A.B. asks: 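Here it is, the structure, as structure tokens.
Here is the naming used below: chain letters follow the sequence lines, and residue numbers restart at 1 for every chain. Below, all heavy atoms of this structure are taken into account, side chains as well, without hydrogens, waters or symmetry copies. Here the structure is a predicted model, which is why all the values come from computation and not from measurement.
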Number of protein chains: 2
Amino acid sequence: MNKHMQLPAVSASSPIYDVLRRDLVGGRFKAGEKLAINALKEQYQVGLSPLREALNKLAAYGLLVQENQRGFRVPKLSREELDDIARLRTELEGMALERAIAHGDAVWEADLLAAAHRLKRADITLDKGEEWERLHTHFHRTLVAPCGSVWLLRFIEQLNYQFDRYRRLGPKMPTIRQELDEQHHELVELALQRDATAARALMDDHIHKSYEVALARYQQHA
Amino acid sequence: MNKHMQLPAVSASSPIYDVLRRDLVGGRFKAGEKLAINALKEQYQVGLSPLREALNKLAAYGLLVQENQRGFRVPKLSREELDDIARLRTELEGMALERAIAHGDAVWEADLLAAAHRLKRADITLDKGEEWERLHTHFHRTLVAPCGSVWLLRFIEQLNYQFDRYRRLGPKMPTIRQELDEQHHELVELALQRDATAARALMDDHIHKSYEVALARYQQHA
DNA sequence: GTAGGTTAAAAAATCGATTATTTTGTCTAA
DNA sequence: TTAGACAAAATAATCGATTTTTTAACCTAC
């Protein structure tokens, strides 16, 4: 495992919190939808208190909107917000990648290679979309992990969840995905070569391509 | 009021949440301290459910640490984290300020002047430290408000709360504070002149000076 | 005297029920 | 027909009590 710093515990390991976050990011709820708490209670087979606490956390985290005395709602999607998220991702992940390349050690290099390999394997045997998502998230996290800033990592994680709400609106697009997957490996190569400038440029392009996928899906979605 | 975008509702207006956040940022709890929920319940005269929901939100927001089945704890302070926060503040607020200067309109200019003036007034009649803090936060928020990025504003807000946990460790330092206050007015001037480069440089310096204050207090605190 | 294990006390988390608020439907009057 | 007021239903929020887990104290055996 990584020896990197202890995160200030964003996700207390409450199972219902994790499950709900996964379902929100994965698009199991419609954007703008109002959550019927009692229905959720049954659907997920949890008590009211743990459920409400999870919803509160998710709201603080930006994956739900809490309205005064009227419960919780799935945030709306908008072109403007997608642009915002993609732009900030570019800035923050670029920054983090540069720092990671400056500080990452041999363990990081090994982790990176492993994460990229597992991702490719999961892509070839392309069952289990959820498993691919997990590995994809893990790869991008590994890439920036040794950037040295706990807070930067937190923000990047948050932005990625938000971004995925758009990206995962539609079904897979095999051609563009293959292109993106190749970039994953190129990113590893550049990172191992410690070429921060080229890596950052590629990361910019990678996020931009993902953005175009997300945007297309968002526009089809309407 | 501002006509700027609807934030994705970070703070649901639960009164206990706001009060607790203020007290956490203001240093009414010791860093590392374990929160006794029943004591809080009495102290703040609230029920268990609203209290726990507030604590959960604060944990998701990074102002508390939630440990598996052992309640909530005030996060520890560390030199490394302070450095991290200050550095990220510099990057993010600099970015936001540049964008705000590019997009801010006449209403913004007026808001800025008003916020700076109120802050100075509160400083002269220097009673009510809490009121000064409110106005200070409001000034810095106004400065970057029209940056056009909801998420950037969220992250900056979060970082400022964290930063203030360090800055507010000790009593006022009149000399350095005066210097910082002058910078507030200079920031307004540069913003009105739309000199993004100079404004950003000044902001860098402003945050750096604040950082030195915070660091001194943190070191005295041990 | 210390390590390991058992029990008692304390605290956190959860549950079921109650209360308060909002939403929906219906009726009346203009 | 429509706007407004009222009542009923639905839903959210809160409360008090119970259950579970952790922490502390104590005891025993080595």
A.B. asks: For DNA chain C, what residues of residues 31-49 of chain B have any heavy atom nearer than 4.0 Å?
C.D. replies: Lys34(B), Leu35(B), Ile37(B), Leu48(B)
A.B. asks: Round to a whole Å and report the spacing from CD of Gln69(B) to P of dT23(D).
C.D. replies: 10 Å
A.B. asks: Given side chains that start at C-beta, do those of Leu51(B) and Tyr44(B) come closer than 4.5 Å, heavy atoms only?
C.D. replies: no
A.B. asks: Ignoring hydrogens, what is the shortest heavy-atom contact between Tyr166(B) and Arg217(B)? Give both atom names and the distance.
C.D. replies: O-CB, 4.1 Å
A.B. asks: Quick one: does any side-chain atom of His103(B) pair with a main-chain N or O of Arg99(B) as donor and acceptor, under 3.5 Å?
C.D. replies: yes
A.B. asks: Closest approach of Ala96(A) and Cys147(A), non-hydrogen atoms and distance?
C.D. replies: O-CB, 3.4 Å
A.B. asks: So, are Arg22(A) and Asp18(A) salt-bridged, with charged N and O less than 4.0 Å apart?
C.D. replies: no
A.B. asks: With Asn160(B), which of His136(B), Arg167(B), Glu93(B), His140(B) fulfils side-chain hydrogen bond (donor to acceptor under 3.5 Å, both in side chains)?
C.D. replies: Glu93(B)
A.B. asks: Looking only at side-chain N and O atoms, does Arg70(A) come under 4.0 Å of OP1 or OP2 in dT11(D)?
C.D. replies: no
A.B. asks: Mind checking what makes salt bridge (Lys or Arg N to Asp or Glu O under 4.0 Å) contact with Arg168(B), not counting sequence neighbours?
C.D. replies: Glu130(B), Glu133(B)
A.B. asks: Could you give the CZ-to-P distance, from Arg73(B) to dT22(D), as a whole number of Å?
C.D. replies: 15 Å
A.B. asks: Hey, where on DNA chain C does chain A first and last touch, going 5' to 3'? Cut-off is any atom under 4.0 Å from a heavy atom.
C.D. replies: dT14(C) to dT23(C)
A.B. asks: Assess, by modelled atom type and distance only, whether the side chains of Tyr61(A) and Glu157(A) contain a donor and an acceptor separated by less than 3.5 Å.
C.D. replies: yes
A.B. asks: What's the CG-P distance between Asn56(A) and dA12(D), to the nearest Å?
C.D. replies: 13 Å
